[in-house]
Amino acid sequence: MKRNTICKICAALLGIVMTLGFAGCVKTPSDVPDTTTTSAPVAVTTEGDSSPVEPADYENYQFKVLERELASGTSIYYEAFTDTESTDIINTALVKRNRLVEDRNKIKIVSTVIPNTSMKSAISTMVSSGDDLYDVIFGYGGYTMYFAINNYVRDMNTFEDIDFNREWWYTSTMEESKIAGKNAFAVGDICTASYTATCCIFYNKTLGAKYNVENCYRLVLDDKWTYEKFKTVGLAVTADLDGNGMDANDQYTLAAANWAYQPYFYGQGYNLLVTDSDGNPAIGNLGETEVNILEDIIELCNADTTWYLTKYQGSGMGTADVFESGRCLFWAQLMVGANKLRNMSMDFGILPLPKRDESQEKYISYLHTKTSLLSVPVTNSKDDDRTGHIIEDMAYHSWKVIRPQYFEVLFDGIIARDSETTQMLDIIYDNVFLDLVQPLGGVGLTINNAIRGLIDTNSKSIASTWKSNMSQNQKILEQVIKKYETLP
C-alpha cells in the first residue's frame, strides 16, 4: 500500500522524543482511574475533508479511550491523550485530529492513561464486573493474545465502517494476524506507537564514507539492498583499534542483539508459522530454506565482524552505545532507538531491512510488539455502528493529520533531511508487518525464545530445537484457535 507523505512521518520520530513534555499527563495509581480529557484549543476545519465515513450526530457522546502511559523504549507518543500545557507539534496534531473527529461526529474524546503494568488487571476487572468503561483500548502489543484468549476483546471485523484495505491500516498485518477468521486487534496509523516500534537499519554515513563503502541509499533505490549485500558491503569497516585483538572497544560492521534475527528473517519475507487448510497459523516442519537463513543469521551475529551483545555483556555497553560512539556501520533497531543518538557526532542515516534477493517485490519492515494495538472490549456492545464509525474516522484523520507531522520532526536535528532520507522513510513505512510469533509468546509459545537461545549459544541446532518444541507449540496454537472461535 502506498503511504503518501511518509517521509514526513519518520522525520518526526527522533526529534520529538526529546521534546515531548506532556506535563499534564494523568498517571493515577489505581487500575481503573477516573477518565480525564485534556485538550488545547486548536482551530480546525473540515474543508477538503475526504474521510470515507460521513459526519454523524452522536449527541455529545463521550468516546472513552484507555491507553498506557509513556515509557522510553516502548511508547513515546500518546494515542489520544493531549496536554493543555504543551505546544509540541505532535501534541498539537493530536488535538487537531481529536477536534476534527469530535466536530464531525458530535462527540467528546475522553482519554484515560494508566501504567502499562496495570493494563491487564484493569481490563480483567472491567470485564468481570461488566462495566462499560471504555469504547476502545490502545494496549501494549505484547498483551494482545492475553486479551484475546480470555475473550476480553471483540472481533474487529464486526464493525461495518472499518475497512482494513484502506491506506491508513497495515493491511498485510491485518490479513496475516487473522485466527479463526477473526482479528482481536487492529493496527495502522491510528496507533501512533507503531511509528516508533517499526524496525530499520541505522547507518553510519561518516564511517561508510571513510572506508569507501558502497552507497547504501543507491543500493536500496536500485533494489539491490539484499541480505547478502548487507552482510558484505561494509566488512572493511571492522578494525582492531587498539592493537590488542578484537574486543568490546573495537570497531565493527554490525552491532546486534539476539532479537535481531527477527528483522533479518522477516525482512526477507520468511515466516516461522505456516497456514493450515482452515487459514489458521500452525507449527509446520521448518523448511530447509528457513533453516538455512536462520543458521546464516546465527553465524552473522556471532561473526568476528559483529559486536554481539551477549558476547560483550560484561562490557557495560549496549548496541546503542557502540553505534552512538561511531564504532559500527550498521545497527538494526526500532525507530524509537533514535532518541539515544541525539548526541552522536557522526552523520547517520536510515535504511530499510534488506530483501531476500532482487526479485523480492517490496522491502518489509518488521513491527515489534512494543507497538500499541487497538482493541474493542467486550463490554462495549451497545452501538457497533457508532464504534466502527468513530474508529474509522479517527484512523483516517490520524493518517491525514498526525502522520505528516511525525515525519516532519522525527529526525529533526539528527539526520539531514534530504531527498534520499525522504525516500528511505517512504520505503520503510510502505510495508509494515507484525508477525504473530512474538505476541503468541505471551501465552506460552516458545519459538521466539528458543531461537534467541540458539543465537546466544552460537548453536545451529535449529532443526532439532524446532522438533523438540513442535508438539507443545502446536497444542498452544490449537488452544488459541479455540479461544478465537468464541471471540464475540
Engineer: Please assess E392 against R166 for the test salt bridge (charged side-chain N to carboxylate O under 4.0 Å, His left out), listing each intermediate value before the final yes or no.
Structural biologist: CA-CA 10 Å; E392 188 72 2; R166 288 173 174 148; 2.7 Å; yes
Engineer: Looking at side-chain heavy atoms only, is the closest gap between L273 and L440 below 4.5 Å?
Structural biologist: yes
Engineer: Taking atom types as modelled, is there a side-chain donor on N473 or T446 under 3.5 Å from an acceptor on the other?
Structural biologist: yes
Engineer: For the residue pair F164 and W169, does the interplanar ring angle fall in the parallel (under 30°), tilted (30 to 60°) or perpendicular (over 60°) class?
Structural biologist: perpendicular
Engineer: Please tell me whether Y396 and K400 have a donor and an acceptor in their side chains that are separated by less than 3.5 angstrom.
Structural biologist: yes
Engineer: Report the residues that fulfil side chain to side chain donor-acceptor pair (under 3.5 Å) with T457, sequence neighbours left out, ordered by chain and then residue number.
Structural biologist: none
Engineer: Identify the heavy atoms of N380 and R154 that sit nearest to each other, and give their distance.
Structural biologist: O-NH1, 2.8 Å
Engineer: Between E228 and K231, does any side-chain N to carboxylate O distance fall below 4.0 Å?
Structural biologist: yes
Engineer: Taking atom types as modelled and ignoring hydrogens, do the side chains of N448 and Q262 form a donor-acceptor contact shorter than 3.5 angstrom?
Structural biologist: yes
Engineer: Is a side-chain donor-acceptor pair under 3.5 Å present for T275 with N280?
Structural biologist: no
Engineer: Is it the case that the side chains of S177 and N183 hold a donor-acceptor pair, with the cut-off being a distance below 3.5 Å and no angle test?
Structural biologist: yes
Engineer: Would K120 and Y146 count as a cation-pi pair here, with the cationic atom under 6.0 angstrom from the ring centre and within 45° of the axis?
Structural biologist: yes
Engineer: Tell me if the aromatic rings of W225 and F330 count as close, with their centers under 6.0 Å from one another.
Structural biologist: yes
Engineer: Under 3.5 Å, is there a donor-acceptor pair linking the side chains of D155 and N157?
Structural biologist: yes
Engineer: Name all residues meeting the ring-ring contact (aromatic ring centres under 6.0 Å, His included) criterion together with Y266; count only those two or more places apart in sequence or in a different chain, and write none if there are none.
Structural biologist: Y366
Engineer: Do we see a donor-acceptor contact under 3.5 Å between the side chains of T171 and N165?
Structural biologist: no
Engineer: Tell me yes or no: between the side chains of Y152 and S124, is some donor less than 3.5 Å from an acceptor?
Structural biologist: yes
Engineer: Less than 6.0 angstrom separating the ring centers of Y78 and F138, yes or no?
Structural biologist: no
Engineer: Can you see whether D189 engages Y195 through a side-chain donor-acceptor pair at a distance of less than 3.5 angstrom?
Structural biologist: yes
